[in-house]
There are 2 protein chains.
Amino acid sequence: MKNNLRVQRAIKNITQAELADLIQVSRQTINTIESGKYVPSTVLALKMAKVFNVPVEEVFQLEEGD
Amino acid sequence: MKNNLRVQRAIKNITQAELADLIQVSRQTINTIESGKYVPSTVLALKMAKVFNVPVEEVFQLEEGD
DNA sequence: AACAAATGTAAAACATATTTGTCATTAATG
DNA sequence: CATTAATGACAAATATGTTTTACATTTGTT
């Protein structure tokens, strides 16, 4: 699983903490997802995509081995 | 979280077991997700959407309270 | 009615996600 | 340079997802 979170945040110009607030998770959750340490649940993926106004597939992409 | 899994399977005419095979999870995982008992990881959601040739948002939808 | 295929369910074990708290490091700004 | 905002990282605790095994129920077919 790859993700574009950092880029999407940059486009919207919001911080990790702000994104965390918007989707009601802790800042650490954003931080660790963003740094690829784990894959979020579908609920979080949908919420993030909604915040960024893009499809889930534009934020998260499968990789070899997923 | 709502999902359309049953409908998407019907469209493709595949069983729970076949879908499980296609995305490399157990049949019970499909069964319990389909019956709304829990929300899958984003990896599974992406794989399912891929199998059905639709965006993740067409298979899984947020509800009040998510 | 009998049989097979598909689905529902449940418990235990294991794996992964998420939170909370805390501190270190890096930008950015006065 | 000093200060503040933003990010990176880590550990422990808790919650949630996933597998495996096994059995019960439903549905479709002959």
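Below, chain A is the first sequence line, B the second, and so on; all start at residue 1.
Regarding A:Glu34, its CD atom lies at a distance of 15 Å from the P atom of C:dT18, rounded to whole Å. Between A:Phe60 atom CZ and C:dA17 atom P the separation is 11 Å, expressed in whole Å. Taking atom CG of residue A:Asn31 and atom C1' of nucleotide C:dT20, one finds them 14 Å apart after rounding to whole Å. Rounded to whole Å, atom C1' of C:dA6 lies 13 Å from atom CD1 of B:Ile14.
Annotation: the span from B:Arg27 atom CZ to B:Thr32 atom OG1 amounts to 10.0 Å, rounded to 0.5 Å. For the atom pair CD (A:Gln61) and OG1 (B:Thr42), the distance works out to 12.0 Å, reported to the nearest 0.5 Å. To the nearest 0.5 Å, the span separating OG on B:Ser35 from CD on B:Gln28 amounts to 11.0 Å.
Of the side-chain N and O atoms in A:Arg9, one or more sit less than 4.0 angstrom from OP1 or OP2 of D:dT7.
Side-chain contact check for A:Leu44 versus A:Thr29: some heavy-atom pair is nearer than 4.5 Å. Side chains of A:Phe60 and A:Met48 form a contact here, defined as non-hydrogen atoms less than 4.5 Å apart. Counting only heavy atoms from C-beta outward, the side chains of B:Glu34 and B:Arg9 approach each other to under 4.5 Å. Using a 4.5 Å cut-off on side-chain heavy atoms (C-beta onward), A:Ile30 and A:Ile23 make contact. Using a 4.5 Å heavy-atom threshold, the side chains of A:Leu46 and B:Met1 count as touching. Using a 4.5 Å cut-off on side-chain heavy atoms (C-beta onward), B:Leu22 and B:Phe52 make no contact.
Two different hydrophobic clusters hold A:Ile11 and A:Leu5 under the rule that ILVMFWY side chains link at heavy-atom gaps under 4.5 Å. B:Val59 and B:Val7 are assigned to two separate hydrophobic clusters, defined by single-linkage of ILVMFWY side chains at heavy-atom distances under 4.5 Å.
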Is there any protein nitrogen or oxygen under 3.5 Å from a nitrogen or oxygen in nucleotides 24-30 of chain C, and what are the pairs?
none

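Axis angle between the ends of the helix from C:dA1-D:dT30 to C:dG30-D:dC1, five pairs each and rounded to 10 degrees, works out to 50°.
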Quick one: what's the B/S/- string for nucleotides 14-30 of chain D, heavy-atom cutoff under 4.0 Å, read 5' to 3'?
---SBBBBB--------

